[in-house]
There are 2 protein chains.
Amino acid sequence: MAEEPDTPERISEAEHAVMEALWQRSPLTATEVCEQVCAPRGWSLATVKTLLSRLVAKQAVATEPDGKRFLYSPRIAREAYVGTESRRLVDRLFGGRAAPLFAHLAEADALSEDDIAEIEALLKALK
Amino acid sequence: MAEEPDTPERISEAEHAVMEALWQRSPLTATEVCEQVCAPRGWSLATVKTLLSRLVAKQAVATEPDGKRFLYSPRIAREAYVGTESRRLVDRLFGGRAAPLFAHLAEADALSEDDIAEIEALLKALK
DNA sequence: CGTAGTCGATTACGTGTGTAAACGATGGAG
DNA sequence: CTCCATCGTTTACACACGTAATCGACTACG
C-alpha cells in the first residue's frame, strides 16, 4: 500500500513541453496536445503519444477514460516542477545561493526594466 | 573555412563536474581532476578520462602536452556556461522573464537574508 | 635492457531520450 | 453487420550519457 508519494522521476525536456500544454489547459486528448505542441517542434502525433505514455509511467500525468479515448491531466503541479528544476540549477551553478544567479542575470543584461521594477516590489513585500 | 567559433555543444551534468574542477584550478592532469571529483561521486579515474575526452571533442577543454601526459584547461569561460544554462532555464520555465523566477524563489523561501540584502544592493547599483 | 607502472585512446555496455512506425482494439458510418 | 478511422500500446532505432575495462605506447626503475 501506498508508496505513491512517488519517486520523483525526472521529466525530460521534450516531456516538459507536453506538460506545459497540459498545465495550460486540461484535461486534453493526445490529439489536442499535439495541436498545441507538434507544429512549433515539428513533431508527429506519434511522438506526442510516446511522450504522454512515458509521463504516465512516471506518474506525472493521469489518464481518465472518456469513451474510447483518454483524457490526460497533469498529476504534478507546475510550481513543484519549476521549483525543483530551478533549485537544481541554483545548486549546480551557484552553490545553492540565489543572489549570484541574480547578479549574473543582471550582468548579462537579462533583466528588463519591468523585471527590475517587479523584483523591487517583491523585495519590498518581503521585508 | 572556419566554423570553429564552435558548435555550441551541450555539456552534460557529469561533464560539468569536471569543468568545475578545471575552472577552480588549471591546467590539471587527469589524475588531478580525479582527485577533485572522483571521491564525492564515487567515480573511477577511467570515468574522468572518458569525460575529459568528450569535453575535448566538444572543444570545451584544451589539451597541452606535458612530457608524457597531458594538461587540461577549460576552453570556455565559466561565465559563458553559467550564462547559457541559466538563460535556458529562465526561457524554458519562466518565459524568459527573470522576475517570475525571482518571485518563485521568494515564495519557496529559497532566499536567505543575505541573498535579499545582496540583491537589494545590486538593484540599487542598477538604477 | 627489460619490465612494471602510467597515460591517453579505443571499445564497451546499459539506460534515457528523441522521434516515430506498426499493431491491435473499437466505435461510428453506411 | 462491415469496414475504416482512431485510440492507446508495443516495438524500433539512433544517439547521448554514465560508467568503466582494456589496449598500445612510453618512461622510469632496477
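What you see below is based on every heavy atom in this structure, not just the backbone, and it leaves out hydrogens, waters and symmetry mates. To find a chain, count down the sequence lines: A is the first, B the second, and so on, and within it residues start at 1.
A 4.5 Å side-chain heavy-atom check between A:F70 and A:L52 finds every atom pair outside the cut-off. Residues A:Y81 and A:H16 have side chains in contact (heavy-atom distance under 4.5 Å, counting atoms from C-beta outward).
Taking atom CD on B:E13 and atom P on D:dT19, their separation rounds to 10 Å, with Å as the unit. Spacing between atom CZ of A:R10 and atom C1' of D:dG18 amounts to 14 Å, rounded to whole angstrom units. Note: CG (B:L55) to P (D:dG18) measures 10 Å, nearest angstrom. Straight-line distance from the CG atom of B:L52 to the P atom of D:dG18: 14 Å, rounded to whole Å. The separation between A:L51 atom CG and C:dT17 atom P is 11 Å, rounded to whole Å. Straight-line distance from the CZ atom of A:R41 to the P atom of C:dG18: 9 Å, rounded to whole Å. Summarising the geometry, the separation between CH2 on A:W43 and C1' on C:dT17 is reported as 11 Å, rounded to the nearest angstrom. The distance between atom CD of A:E15 and atom P of C:dG16, rounded to the nearest whole Å, is 11 Å.
At the phosphate of C:dA20, OP1 or OP2 sits under 4.0 Å from a side-chain N or O atom of A:T47.
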Applying salt bridge (Lys or Arg N to Asp or Glu O under 4.0 Å), run through B:R25 and B:E32 and close with a yes or a no. CA-CA 10 Å; B:R25 196 161 58 84; B:E32 285 168 335; 5.1 Å; no

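For B:R54 against D:dG18, a side-chain N or O and a base N or O form a donor-acceptor pair under 3.5 Å.
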Contact list (N/O, under 3.5 angstrom) for nucleotides 7-11 of chain C vs protein:
unit_1 : atom_1 : unit_2 : atom_2 : d
C:dG8  : OP1    : B:F70  : N      : 3.2
C:dG8  : N7     : B:K49  : NZ     : 3.1

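The pair A:E120-B:K124 does not count as a salt bridge, with every side-chain nitrogen at least 4.0 angstrom from each carboxylate oxygen. Taking 4.0 Å as the cut-off between side-chain N and carboxylate O, B:E15 and B:R10 do not count as a salt-bridged pair.
Each of A:G67 and A:A14 was assigned the nucleotide of DNA chain C with the nearest heavy atom; the assignment lying further toward the 5' end belongs to A:A14.
Although no hydrogens or angles enter the test, the distance criterion places no donor-acceptor pair under 3.5 Å between the side chain of B:Q24 and the main chain of B:A21.
Under the 4.5 Å side-chain heavy-atom criterion for grouping Ile, Leu, Val, Met, Phe, Trp and Tyr, B:L101 is connected to A:L126 within one hydrophobic cluster.
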